[in-house]
Amino acid sequence: MSLSEDRLATTVEEPWEEPTAVVGQGEELEYVFQRFACRVIAGASAGQWRVADGPEITIGSAPGNDLEIGDPTISRHHCAVRVSEGGFEVRDLGSKNGTFVGDVRVGSAFLSHGAVLRVGQSRVRFEILDELIREPIAPSQRFAGMIGASPAMRRLFSLLPRIAGGDTTILIEGPTGTGKGLLAESIHQISPRASGPFVVVDCGALAPSLVESELFGHERGSFTGAVERRTGAFQAAHGGTIFIDEIGELDAEAQPKLLRVLEKRVVCPVGSTQGIPLDVRVIAATNRDLRTEVNAGRFRADLFYRLNVLRVRMPALSERAEDIPLLATHFFRELSGNGDASPPPALLARWSSQPWGGNVRELRSAVERAVLMGEGPIPELAEGSLTGQEGSYRREKSLALAAWESRFVAELIQRHDGNISRAARAVKMDRNHLRALLQRYRTAYRTSS
């Protein structure tokens, strides 16, 4: 986007104390924040600028950055300036030479109008413009399987119908435990491919030697132990969606092979020379910033560009703290089996004040512990279920609930032929949580991701 000098001259002289706000008129809601710009004032690309048309401006030497600077001392993806609830924040993306605000090297820092960033041998001035960006907020607190009343989530909900309507590759970013898998499945559920399969591949759970076979399949006899032909995840997802979770964990040797599949939309099973055309939408997720991984040489730049067609960010729970009571009540009812139950007010208040570094997954585990330890209703117990040992009422109840949970998990995984992902989706449970339960009770069934 070009920008005239007159437009740059309309910047305000003082930063706004609250750069973001939710504005409501009846049922029409908007998320409003100040438009901002970054202008190169010294260095090889002096005079270039970029005006934000969204909440972020990326700066680097590689094509695809919002502000591309031809300075060899700048990393491919050097830093990003983003509007947040706390203000305008610059974050270094693991650059080699660092990002400086004045003379101070920063990992992240909040900026005021007129702040000068030193990136490599160049200088970039940050400017707040005297105009607003308005983004819609969905009126509903639910979207497919997701729940959220916060502006951060409802901004996301407003985007998803448009995102789901196409076949564009999506990259979902966000910290561990935020619900990236649930977001991917929700997109699939409202997409034109909803009647097709939704296939999950967790790169973090795959041994490097099994990645190719899992993704692309293999022919019988293609390697030691390949006693029968295997259909890979891409073929299994034909007509539907493949969700590649924790893509940042993908082995370096597999990255160029995945890139070829994404570019040509043809998959070649291990041991075969025959390409198979694909009709599949790709959604990938990562808890890492892949731009930082590219700078560090751990992730291929060309694969990142292929995945980064449409980037969606799942907010941390700390960015949507007003959702904690809503989520806690939902989990409490789900885990207790009582759709009308609610957590005790004191417990809900304690949960609402905690930081939750493990995000929604950690909150769910805390609610589960509360239900198991007697903070909520328990399932009806069969006659003779007491252990007969001396102990407290709470201990007896905990043991009985653990026995029930063990039987439930065993029957669930058996009913779904050992497939963890399918079993977890059937009961609306995070698959990592189900995997943890399987390990806890050592359920003796063959499982797969």
Side-chain angles (χ1 to χ4, degrees), residues 56 58 60 62 64-65 75-80 82 91-96 107-108 156 163 168-185 187 199-216 232-234 237 241-263 280-317 319 357-362 420-421 430-433 435 449:
E56 183 181 74
T58 57
N65 284 285
S75 296
R76 290 178 175 178
H77 305 279
H78 199 98
C79 64
R82 183 178 181 86
R91 184 166 63 88
D92 185 77
L93 299 175
S95 64
K96 183 175 181 180
S108 66
L156 182 59
I163 292 173
T168 304
T169 298
I170 300 172
L171 177 62
I172 302 175
E173 296 179 327
T176 298
T178 51
K180 298 185 292 294
L182 181 59
L183 172 57
E185 188 168 5
I187 292 172
V199 177
V200 180
V201 178
D202 186 351
C203 295
L206 291 177
S209 59
L210 298 177
V211 171
E212 286 187 62
S213 177
E214 181 71 22
L215 288 173
F216 314 132
F234 272 97
T241 303
I242 182 171
F243 174 50
I244 308 176
D245 199 8
E246 299 304 345
I247 189 75
E249 304 287 343
L250 188 64
D251 182 69
E253 292 185 7
Q255 290 181 25
K257 298 169 184 176
L258 175 59
L259 175 63
R260 285 196 294 271
V261 171
L262 296 179
E263 288 180 335
V280 62
R281 185 179 199 175
V282 178
I283 302 178
T286 176
N287 63 0
R288 304 180 181 184
D289 191 320
L290 293 186
R291 297 169 295 188
T292 300
E293 298 300 297
V294 169
N295 286 339
R298 293 186 293 263
F299 201 84
R300 291 180 62 104
D302 45 6
L303 178 56
F304 167 70
Y305 298 137
R306 178 60 61 179
L307 293 168
N308 192 40
V309 180
L310 185 61
R311 191 165 84 249
V312 179
R313 183 175 176 274
M314 195 69 178
L317 191 53
E319 299 173 55
N359 295 294
V360 178
R361 183 179 298 152
E362 184 185 3
I420 294 177
S421 297
D430 183 270
R431 69 180 182 282
N432 290 323
H433 179 64
R435 186 179 288 117
S449 295

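No experiment lies behind these values; they were computed from the predicted model shown. Worth knowing before you read on, the calculation uses all heavy atoms, side chains too, and leaves out hydrogens, waters and symmetry mates.
Under a 3.5 Å cut-off, the side chain of N308 and the backbone N or O of L171 do not form any donor-acceptor pair. In terms of modelled atom types and a separation under 3.5 Å, the side chain of N295 and the main chain of H78 share no donor-acceptor contact. Using modelled atom types, no side-chain atom of T178 and backbone atom of A316 make a donor-acceptor pair closer than 3.5 Å. In terms of modelled atom types and a separation under 3.5 Å, the side chain of Q255 and the main chain of R298 share a donor-acceptor contact. Without hydrogens or angle criteria, S75 side chain to K96 main chain gives a donor-acceptor distance under 3.5 Å. For E362 (side chain) and G357 (main-chain N/O), a donor-acceptor pair under 3.5 Å exists by modelled atom type. Between the side chain of R281 and the backbone N or O of T168, at least one donor-acceptor pair lies under 3.5 Å.
Taking the side chain as every heavy atom from C-beta outward, R91 and D289 approach each other to under 4.5 Å. A heavy-atom distance below 4.5 Å is found between the side chains of V201 and E214. Side-chain contact between L156 and M314 is present, with at least one heavy-atom pair separated by less than 4.5 Å. Residues E263 and R306 have side chains in contact (heavy-atom distance under 4.5 Å, counting atoms from C-beta outward).
The shortest heavy-atom contact between L317 and N359 is N-OD1, 2.9 Å. Nearest heavy atoms, A301 versus V294: CB-CG1, 3.8 Å. Nearest heavy atoms, G94 versus D92: N-OD2, 3.0 Å. Here the closest non-hydrogen pair linking K180 and E173 is CD-C, 3.9 Å. Contact record, A80 with R291: CB-NH1, 4.3 Å, taken as the closest heavy-atom pair. Residue C203 comes nearest to I244 through the heavy atom pair SG-CG2, 3.5 Å, listed as atom of the first residue, atom of the second, then distance.
Applying the salt bridge (charged side-chain N to carboxylate O under 4.0 Å, His left out) test to D245 and every residue at least two apart in sequence or in another chain returns R431. With sequence neighbours excluded, no residue forms a ring pair (Phe, Tyr, Trp, His ring centres under 6.0 Å) with F299. Every side-chain hydrogen bond (donor to acceptor under 3.5 Å, both in side chains) that N287 has, sequence neighbours left out, goes to T176.
Note that OG1 of T292 is 5.0 Å distant from CG of L93, once rounded to the nearest 0.5 Å. With rounding to the nearest 0.5 Å, the separation of CG in L183 from CD1 in I163 is 8.0 Å. How far CZ of R300 is from CG of L258: 10.5 Å, rounded to the nearest 0.5 Å.
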Please assess E185 against T241 for the test side chain to side chain contact (heavy atoms under 4.5 Å, CB included), listing each intermediate value before the final yes or no.
-> CA-CA 9 Å; E185 188 168 5; T241 303; over 6 Å; no
Evaluation steps, side chain to side chain contact (heavy atoms under 4.5 Å, CB included), between L290 and I247 = CA-CA 9 Å; L290 293 186; I247 189 75; 4.0 Å; yes
Worked verdict on F234 versus V282 for side chain to side chain contact (heavy atoms under 4.5 Å, CB included) = CA-CA 9 Å; F234 272 97; V282 178; 4.1 Å; yes
Going through the checks in order, is the side chain to side chain contact (heavy atoms under 4.5 Å, CB included) test met by H77 and T58?
-> CA-CA 7 Å; H77 305 279; T58 57; over 6 Å; no
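R361 CZ: more than 12 foreign heavy atoms inside a 6.0 Å radius. Residue-environment remark: CD (E253) stays at or below the threshold of 12 foreign heavy atoms within 6.0 Å.
Between E56 and R313 there is no salt bridge, since none of the side-chain N atoms of the basic residue sits less than 4.0 Å from a carboxylate O of the acidic one.
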